[in-house]
Structures are given as structure tokens and as C-alpha cells.
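Structure first, then comments.
Order of the sequence lines fixes the chain letters, A, B, ..., with proteins taken first and strands second; residue numbering starts at 1 for each chain.
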Amino acid sequence: MKGAREGKLQRARDAANKTAIFGEDLDLDQFIHEAPSHSDVENLSVLSQYDKKELLSAGVDPDVKGRSGSFMQIDHSVVHHDIFQDGLEIMSIGEALEKYDWLEDYYWHAVAVDTDKYTARAELHRDQGYFIRALPGVKTVFPLQACLFTAKNGLAQEVHNIVIAEEGSELHIISGCASSYEVRSGLHIGVSEYYIKKGAKLSFTMIHNWAEEFAVRPRSASIVEEDGVFLSNFVCMKPVKTLQMYPTTYLLGTNAVARYNTIVIAVPGSFMDLGSRVYLRAPGTRAEMISRSITTGGDVINRGHIVGEVADSKGHLECHGLILSKKGLIYAVPELEGRVSGVDLSHEAAVGKIAQEEIEYMMSRGMSESDATAAIVRGFLNVDIMGLPDELQQEIDRTVNMQGMF
Amino acid sequence: MIENLKVSLADREVLKGINLEIKPGEVHVLFGPNGSGKTSLLMTLMGFSNYRVTEGTINFKGRDITGMSIYERARLGIGMSFQRPPTIKGLKTRQMVALCSPGKEIQLEEMANRLNFKDFLDRDLNAGFSGGEIKRSELLQLMAQNPDLILLDEPESGVDLESISLIGEVINELLERKPGKSHATSSLERRSKRTKAGLLITHTGYILNYVDADVGHVLYGGLLSCHGNPRETLKCIQEMGYQECMRCMIRN
Ligand SMILES: Nc1ncnc2c1ncn2[C@@H]1O[C@H](COP(=O)(O)OP(=O)(O)OP(=O)(O)O)[C@@H](O)[C@H]1O
Ligand SMILES: [Mg+2]
């Protein structure tokens with residue numbers, strides 16, 4: 001095992017200065033690396049009311065109502081983990097690596113450790129992260145929630161998360177990333193690897209709630225086996241200075257399914273370079289990507305890439321952008337790559353502002369212009385097209401409703 | 001009340017001096033060939049920005065509304081059923097109907113039931129609605145809105161024969177023209193109590209079998225003419241065509 005880590009470390013050292021393909025190249029030395037350790041939080045409800053609000057906006061309920069378990073990390077310290085259902089595990093990745101010898105095999109299996117300087121960094125620092133697993137056949141009654149929180153201004157937080165849905169299990173996770181109300185800047189590198197075994201289902205909703213000056217570099221990938229389902233939702237409606245990610249899914253087993261839903265609002269000063277990529281590597285595999293982005297002055301790049309490598313696989317990419325201000329950019333880059341005959345790939349992209357005709361139609365029913373616009377925007381963002389479980393849906397609705405701009 | 005209304009659409013004058021007065025309680029019918037500007041007239045009355053009023057005035061309830069925004073007109077009591085409404089993605093028909101009647105308790109399910117439209121409440125507004133479904137969706141919204149001047153753009157086109165009677169019934173109700181059950185009150189008396197007014201576009205006139213209209217007009221060449229009994233006007237158009245019909249009417 002020690003040998004395995006050594007190999008990874010070596011690759012990480014070699015990639016320590018490797019520029020990422022996309023996104024502004026960040027100078028990692030600009031960030032602080034040391035953070036005071038935080039003591040355990042017995043109960044999330046003791047957090048300050050300001051921080052609780054930040055958590056709620058990231059979909060994390062400090063009162064743990066309707067949750068099967070919770071995990072919370074502040075800066076580099078895992079301060080809380082708790083589980084209320086048998087057959088589920090939630091703990092810090094460090095603890096999990098000690099507990100399970102085999103876990104090192106999953107660590108950097110889906111994501112390459114030398115992808116870029118950010119993955120390298122995460123390996124060199126190993127600042128915790130979470131491990132969540134559903135044992136075979138276990139189905140979560142309520143979603144699990146995991147929160148990655150930064151409390152120290154200017155800090156670089158590097159986490160590595162691993163989620164395993166064992167055969168026939170069903171796992172719902174809400175992962176909220178947020179920073180304390182006192183924090184303005186910082187860096188978050190989040191490596192996440194998801195393993196969805198035969199017949200298992202993972203629904204993973206990530207909600208970001210950062211500060212204006214934050215830089216964020218998630219690096220995630222998932223591997224889905226036969227009949228497995230991976231449903232990934234990403235929501236970011238708060239300011240973020242620079243966010244770049246391109247999560248990848250490998251559908252390896254027959255009839256495996258992946259679905260990416262992305263909902264973002266880019267406010268002035270925000271820059272988001274988002275994408276998702278799916279490799280269809282077995283017959284009957286299906287991928288669907290739906291994104292809805294709005295700019296009120298910020299920039300959004302929306303990438304998507306579906307690679308059909310075997311016959312009888314199918315993928316669809318849908319990218320809609322709405323420009324609500326004079327400034328702001330939405331740049332859609334849908335890519336389809338069919339490598340054999342018998343793949344069925346399609347895409348649909350539309351970027352523009354709200355049609356005056358739609359606003360006026362609503363106004364003719366007695367709504368003011370701003371009410372009409374708000375109703376159309378809410379419709380545009382309406383995520384129930386996405387087949388989310390109710391609890392998650394409510395979570396997102398709440399996030400949408402908390403936006404002062406509507 | 002419309003006086004000498006001239007309207008341009010994309011720099012082309014579509015309406016060239018329209019004069020029309022619809023009194024409270026009256027229902028008028030608008031005939032005219034395709035492209036003659038019927039929809040344009042309704043859209044102008046509703047206040048749509050594409051339709052630029054270059055001359056003339058529109059008065060409603062004693063106020064000059066020519067410069068009013070769409071929603072002010074809507075709140076003042078004008079409502080419209082559109083010939084081709086836009087699709088609003090993600091907005092459920094149910095939500096839209098609720099938005100049409102803010103602060104009012106409405107029996108949404110019941111109203112939808114009446115229009116045989118319950119199954120559509122949870123669909124995105126107008127998304128993939130068939131021709132007839134659009135008409136019912138529009139009427140449902142109008143029921144919630146309950147306007148005093150109702151502009152109906154071809155409410156029956158595309159509607160199957162069975163649904164026409166249903167639609168006619170609902171329109172009558174909106175116009176407070178439900179055929180009176182009590183024969184005690186004279187039709188004259190009923191008439192004088194009516195306040196709701198309507199302006200209705202039809203090509204076929206089928207809807208007139210259900211909705212009892214008072215005056216008909218033909219829009220041709222940007223002008224209104226042939227003011228008269230709607231059934232007679234329709235008959236004349238059927239027998240002689242718009243152009244001939246206008247000539248004879250003018251001669252009379
Ligand atoms: N956006 C536009 N730009 C230019 N011309 C337009 C536009 N919209 C409508 N028109 C034209 O204006 C004229 C009047 O159109 P309008 O829709 O009012 O006709 P209509 O009488 O309602 O016809 P129909 O019976 O076919 O519904 C038509 O010639 C039409 O092509
Ligand atoms: Mg028309």
C-alpha cells in the first residue's frame with residue numbers, strides 16, 4: 001500500500017506545475033496553506049446564525065432535518081460526521097483510508113493524479129475530504145449531506161472525496177460547498193471520484209455558495225457499471241471569481257446511464273468555465289446533459305462532450321443560456337464525437353435574451369414587466385424537468401427563491 | 001372607443017384610420033381576409049410594442065390608454081386570447097393561470113375541468129399544445145383574469161366540432177351572456193345589465209352559432225367597413241367574397 005502512495009506522489013510532484021487545459025492558470029503560492037485546526041462540532045445547529053445561512057444556501061441543513069447523515073469539514077479539519085441509517089458510511093477520507101486497505105485502489109482511479117497542478121496539489125497535501133459508501137442493496141431514505149466549508153480568508157482548501165454506491169444500492173447526496181460570511185477570497189480544489197457499481201444509483205447534487213473572490217477547481221470523474229445510474233446536479237447561483245470544471249463519466253457497463261444537470265447564474269465579476277463529458281463504452285449506455293445558464297453580467301462557458309465508442313449507445317446534450325444584462329457572455333461549446341456507426345448523438349443549444357414577445361404576453365395577463373421577467377426566468381431555471389427526488393427539488397427551489405435578484 | 005387609429009408594423013402602415021366604438025355589454029365581430037390586420041388591431045388595443053400607433057387614440061373606460069403599458073391595460077380590464085401565443089418553457093400552465101389572478105381565490109381545478117383541460121395544467125405553457133389546446137389554454141387564463149373587454153383572436157379555429165360548443169359556452173360566460181334560464185327577465189333587461197364587452201375575430205363564423213354578437217365589421221385595406229348585422233355580413237362574404245361584399249355594402 002505504501003508503495004502505491006509513493007507512485008502517486010511521484011506523479012503528483014512531476015505534475016506540480018502542469019497548467020490545466022481550461023481556465024485561468026492560478027498561482028497556487030498566492031494562497032495560504034496553513035489553517036488553525038477546528039474542534040469537533042457535536043451538533044451543526046451550534047454554528048453561528050450567519051454561517052448557518054451560508055450552509056442553507058448550499059443545500060446543507062444545519063438542523064439535519066430529513067437527512068440520513070451529515071459530514072462537515074471546515075478548512076482542513078473534519079469537524080462532524082454522523083449517520084442515521086444502517087448500511088451507510090460517512091467519514092473523513094483519512095479515516096477511511098486507515099480503515100480500508102482497498103480504498104487506496106479507488107484513490108485516483110477515476111481521476112488521474114497528474115491531470116494538472118490542482119490534482120497534483122490535492123495529492124501532495126491530502127487535506128481530507130469525505131468518504132461515503134452505501135453497502136450492497138442499501139437505499140438511502142433521506143439524502144446524506146456533506147459540507148465543505150472555508151472559514152479562513154485566503155486559504156487553499158484541497159479535498160479528495162470518494163463515493164461508492166455498491167451493487168444494487170441507492171445513494172442520494174447533497175454536497176454543499178460554502179465559505180463563512182467573513183471570508184472573501186480563497187481557493188477550493190475538490191477532487192471527487194464516484195463509483196457506481198452494478199445496478200446501483202447515485203444521485204449527487206452539488207451546490208456552490210462561494211465568496212466573490214473565490215477560485216474553484218473541482219476535478220471529478222465517475223465510473224458506472226452495468227445498469228448503474230449516475231445523476232449529477234450542479235447548482236451555483238452565487239458569485240465566484242473563477243470556477244472551472246469538466247467532470248467526466250465513464251459508462252463502462254451495459255445499459256449504464258449518466259445525466260448531468262447544470263444550473264448557474266453568473267453575476268458581474270463571475271467567471272465560470274463549465275463542462276461535462278461522458279464516454280459511452282458499452283451497448284445500451286445513455287448520456288444526457290442539460291444545462292441552464294443565466295448571466296446578469298458575468299461570463300459562462302458551457303462545454304459538453306459526448307463520446308460514443310460502441311454501437312447502440314445514445315447521448316443528448318442540451319444547453320440553454322439566457323442573457324439578462326447588456327454585459328455578460330454565454331459561450332456554448334457542445335461537442336459530439338461518434339466513433340462507430342450505431343451511435344445516436346444529438347445536441348441542442350440556444351443562447352439569447354428573453355423574447356420581448358414572451359414578456360409582453362405575460363404582461364397582457366396583468367403582470368408588470370419585472371414580474372413577467374421573473375416568472376420566465378424561474379421557468380427557465382425550472383429544474384423539475386430533471387427528475388430530481390422531491391427533497392432535492394425543494395432544496396434547489398429554496399436556493400432559487402433565496403436569490404434577491406428575482 | 002377607437003378614433004382614427006393608424007398603426008404601423010415594421011414600418012408598414014397596417015391600419016389606416018380605424019374608427020370603432022364598442023359599448024359596454026356589446027360584442028363586435030371582425031371579419032377580413034388573411035393579412036388584413038385583424039390580429040394587428042387586437043394587439044394594438046392590448047398595447048404590444050411592435051404595433052406602433054402613429055395617429056389616433058384608444059379610449060377605455062373613459063381614459064386615454066393609447067400610451068399605457070400592456071399590464072396597465074390588463075389591470076384596467078382588457079384581456080386577450082391570442083391566435084399564436086408564445087411557449088414559456090418551464091412555466092407550468094397551472095402557475096400561469098394562478099399568475100393571471102393574483103390575490104384572487106380561483107377554482108383552478110374546476111375551471112380547468114370545465115374546459116376539459118385538467119391534464120394540461122402541469123405541462124409547460126403552450127409547449128407543444130395543439131391548435132385546439134392553445135385556444136382552451138387561452139380561455140382558461142382569461143377565466144382567471146376575468147377582463148371587462150375581451151379580445152378574442154379566432155377562438156374557434158382549429159377547434160374540433162364538439163369542443164366548439166364548449167368554447168362558445170365559456171366565451172358566453174366570460175361575456176356574461178349565459179343564455180338566461182329565467183324567462184321572467186326580458187332580454188332587453190338582461191341586455192342593459194351587461195357590462196362585459198367583446199371584440200371577436202372569426203373567419204368561419206361557427207362561433208356565432210354559440211355567441212350572440214351585436215355588430216360585425218370587415219377589415220379590408222386597413223380600414224373598417226360594412227358595419228352591420230354579423231350574420232348578414234358573414235353571409236355576404238360567403239356569397240360574394242370580401243371585395244364584392246364591401247362594394248355592395250358601401251353602395252347600400
Ligand atoms: N413582425 C412583422 N413584420 C412585418 N410584417 C408583419 C409582422 N407581423 C405581421 N405582419 C404583417 O402584417 C399584416 C397584418 O397581419 P395580421 O396578423 O394583423 O393579419 P390578420 O388579419 O390577423 O390575418 P389572419 O387572418 O391570417 O390571422 C400581414 O401582412 C402580416 O404579414
Ligand atoms: Mg390574425
Mind checking what makes side chain to side chain contact (heavy atoms under 4.5 Å, CB included) contact with Asp160(B), not counting sequence neighbours? Glu162(B), Ser163(B)
Heavy-atom closest contact (Leu99(B) atom, Ala375(A) atom, distance): CD1-CB, 3.9 Å
Any residues in residues 356-369 of chain A near chain B, with a heavy-atom distance under 4.5 Å, and which are they? Gln356(A), Glu357(A), Glu358(A), Glu360(A), Tyr361(A), Met362(A), Met363(A), Ser364(A), Arg365(A), Gly366(A), Met367(A), Ser368(A), Glu369(A)
Within a radius of less than 6.0 Å around CZ of Arg94(B), do more than 12 heavy atoms belonging to other residues, nucleotides or ligands occur? yes
So what's closer than 4.5 Å to chain A heavy atoms on Asn126(B): side chain, backbone, both or neither? side chain
Within the supplied structure, the quantity of interest is the number of heavy atoms (other residues, nucleotides, ligands) at a distance under 6.0 Å from Lys61(B) NZ; does it exceed 12? yes
Below 4.5 Å, heavy atoms only, C-beta onward: do Ile376(A) and Ile88(B) meet side chain to side chain? yes
Got more than 12 heavy atoms from elsewhere within 6.0 Å of CZ, Phe271(A)? yes
Max heavy-atom pairs within cutoff under 4.5 Å with chain A, candidates Arg73(B), Gln95(B), Glu138(B), Glu72(B), goes to Glu138(B)
What part of Leu142(B) lies closer than 4.5 angstrom to a heavy atom of chain A: side chain, backbone, both or neither? side chain
Largest heavy-atom contact set with chain A, pairs under 4.5 Å, which of Pro85(B), Gly79(B), Ser101(B): Pro85(B)
Using heavy-atom distances under 4.5 Å, tell me whether Ser49(B) contacts chain A through its side chain, its backbone, both, or neither. both
